[in-house]
Amino acid sequence: MQIHTFGLGFIRLSLRPFMERKVRVRFAPSPTGPLHIGGVRTALYNYLFAKQQGGDFILRIEDTDQTRFVPGAEEYIIESLKWIGISPNEGQGFGGGEFGPYRQSERKGMYRQYADQLVESGYAYYAFDSAEELDGMRETLKANGMSPQYDAVSRMSMKNSLTLSSDEVQRRLDAGDPYVIRIKLPRKEEVRFHDIIRGWVVVHTNAMDDKVLFKSDGMPTYHLANVVDDYLMRVSHVIRGEEWLPSAPLHVMLYKYLGWEDSMPEFAHLPLILKPDGNGKLSKRDGDRLGFPVFPLNWTDPVSGELSSGYRDAGYFPEAVINILAFLGWHPSDNRELFELEELVKEFSLDRVSKSGAKFDVQKAFWFNQQYLRSKDDAALCDALLPFLSKQGIERDRTYLESVCGLMKEKVSFINEIYSEGKYFFHTPESWDESLIRKKFKDFTAGILEGLKEALASLSDFSNGSIESVFHQIVEEKNGKKPGEMMLAFRLSVSGVAGGPPIFDMVSLLGKEAAVKNMESFLTYYSSLS
Ligand code: GLU
């Protein structure tokens, strides 16, 4: 479909004054799988806009397509919004509001009357075509170089209430023949509407399909249910992804045909989120390839059992994810880079949402998380670390864990890395990097480590300060070596790895028993190397 937009930056006029209308926006996902981060961004922008305008933020579950329903997807959506911290004040799973139910399958009985109203007023019609007949029509049109649409021209050669006699139509309806209800679009008309982000959008009806509004299974399609519910729920602004822009002209026609033009919401279609490298929409494969999640939470596919990783389970903080998403397609009025949610509520504006796609920036995502990790105190980090530790079956004293967090926070970008990069705080090292040892160890190294171990074993004050002075005593005074010649060996013998937080702090926190034991097992291993 050809869509013309006149996105002149200065045309940001609204069609009708909305001053008197309460801002009510909705996030309306379909429970067809895990919520993609693009969906979470849509929810976030709706939330920010609603809060800023003193309006309502609604969660509506659009599950009219029973064939695409995936168990667990609705719960996933609700849990994701809760984790990010952008709970709707009205809607499925959150209570509140007087416009429920908020799950479309439970509103089933409400839609038929509007489809009937459209048929009665001549804006929709019954169509009885079989799947084969529809395929045949599309093939013929394609073979003749035309677009395969069910439209003002092609509908005249199909089986519908515009071509069949009224007796025949009645006979079929009475006999219970399967049928759908389609919108009847005019042949040549311009559909115009204003999009807050894109400016004026103009589409010709000759490029539009007579879309199905009501299906033979007694369910409305997305288009009818979406428009009816936005109307009944008094939605003032539809803020959604760009992939819905081609549907908007049809929705505009529905508002007109149902006599609801005065209540039509304003539209804002958000830009696509693009791959970090190259063009095209961001996909799960890009995330797998470049090492970042495209879902908020882990998700296990109920059919294939395939696991997709999510931000929460990959060790991201919700605050960081909010910043990552806020900046995908929007920018603040100055060059600040970190915003708390309440600050975003104040600063957000649809005027600063861009029309062009937003490239996902992986390094920036890591950076945001690192900033939040560093800004948190040890107790908060410990709270965030606990779920990761309990997955590993690790239980430790809280004071110890807080100190581990304090030492590790400058070294990692993700909360789970406090465990994965600092395993020696929880387990005795069992293997060492042999090639590193062969490269760095001199003939005196093991002997000095032995001496150091003995000295540490008899140390009564195991503070970082006294460990440091013992180290200098043994290395410099007793053996005449430079500290730099023994640092790596000392670290490796205690922790099993070559890098980490300041060494004397680390050894002190591990405690005398563990440090000495680790050094012993390292020296046994070392003596076994030939
Ligand atoms: N159910 C649609 C979706 O899955 C909603 C689109 C809209 O917001 O109108 O995204």
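Quick note: numbers below take in every heavy atom, side chains included, and nothing from hydrogens, waters or symmetry partners.
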Quiz item: Side-chain donor-acceptor pair under 3.5 Å between E347 and S333, yes or no?
Solution: yes
Quiz item: With the threshold set at 4.0 Å, does a side-chain nitrogen-carboxylate oxygen contact exist between R155 and D151?
Solution: no
Quiz item: Which word best sums up how the rings of Y123 and Y257 line up, parallel for under 30°, tilted for 30 to 60°, or perpendicular for over 60°?
Solution: parallel
Quiz item: Got a salt bridge between E306 and K284, using NZ or NE/NH1/NH2 to carboxylate O under 4.0 Å?
Solution: yes
Self-check item: Residue pair D229 / Y111, side-chain donor-acceptor N/O under 3.5 Å
Solution: yes
Practice problem: Tell me, with the steps shown, if E62 and R103 meet salt bridge (Lys or Arg N to Asp or Glu O under 4.0 Å). | Solution: CA-CA 6 Å; E62 301 209 324; R103 193 192 274 137; over 6 Å; no
Quiz item: Under 3.5 Å, side chain of R398 to main-chain N/O of A379, donor-acceptor pair present?
Solution: yes
Practice problem: Count the heavy atoms of every other residue, nucleotide or ligand shown that sit under 6.0 Å from CG of N279, and state whether that count exceeds 12. | Solution: no
Quiz item: Looking at the rings of Y45 and W330, which for Trp means the six-membered one, are their centres under 6.0 Å apart?
Solution: no
Quiz item: Charged N to carboxylate O below 4.0 Å: is that the case for K108 and D63?
Solution: no
Quiz item: Are F388 and Y419 close enough that their ring centers fall under 6.0 Å?
Solution: no
Quiz item: Hey, are K281 and E242 close enough for a salt bridge, meaning a charged N less than 4.0 Å from a carboxylate O?
Solution: no
Exercise. Determine which pairs satisfy ring-ring contact (aromatic ring centres under 6.0 Å, His included) with at least one residue from residues 59-95, sequence neighbours left out, and list them in order.
Key: Y76-W299
Exercise. Among F339, F317, F327, find the residue that satisfies the ring pair (Phe, Tyr, Trp, His ring centres under 6.0 Å) test when tested with F368.
Key: F327
Quiz item: Strictly under 6.0 Å, is that where the ring centroids of Y316 and F414 end up?
Solution: yes
Quiz item: Counting N and O atoms only, with roles assigned by atom type, does the side chain of R182 sit under 3.5 Å from a partner on the main chain of D210, one being a donor and the other an acceptor?
Solution: yes
Practice problem: Check the surroundings of atom CD in E395: do more than 12 heavy atoms from other residues, nucleotides or ligands lie under 6.0 Å from it? | Solution: no
Quiz item: Just checking, any donor-acceptor pair under 3.5 angstrom between side chains of Y179 and N160?
Solution: no
Quiz item: Between K256 and E189, is there a salt bridge with N-O shorter than 4.0 Å?
Solution: yes
Exercise. Applying ring pair (Phe, Tyr, Trp, His ring centres under 6.0 Å) between H251 and each of W244, F267, F193, Y222, report the one that passes.
Key: Y222
Quiz prompt | Crowding at NZ, K409 (>12 non-hydrogen neighbours, <6.0 Å) | solution = yes
Quiz item: Among side-chain atoms of D129 and Y150, is any donor-acceptor pair under 3.5 angstrom?
Solution: yes
Quiz prompt | V70: which of P31, P34, S30, P302 passes side chain to side chain contact (heavy atoms under 4.5 Å, CB included) | solution = P302
Quiz item: For H269 and R240, does a side-chain donor sit closer than 3.5 Å to a side-chain acceptor?
Solution: yes
Practice problem: Output, in order, the C-alpha distance, side-chain angles, deciding distance and verdict of salt bridge (Lys or Arg N to Asp or Glu O under 4.0 Å) for E266 and R21. | Solution: CA-CA 11 Å; E266 289 210 71; R21 194 171 173 188; over 6 Å; no
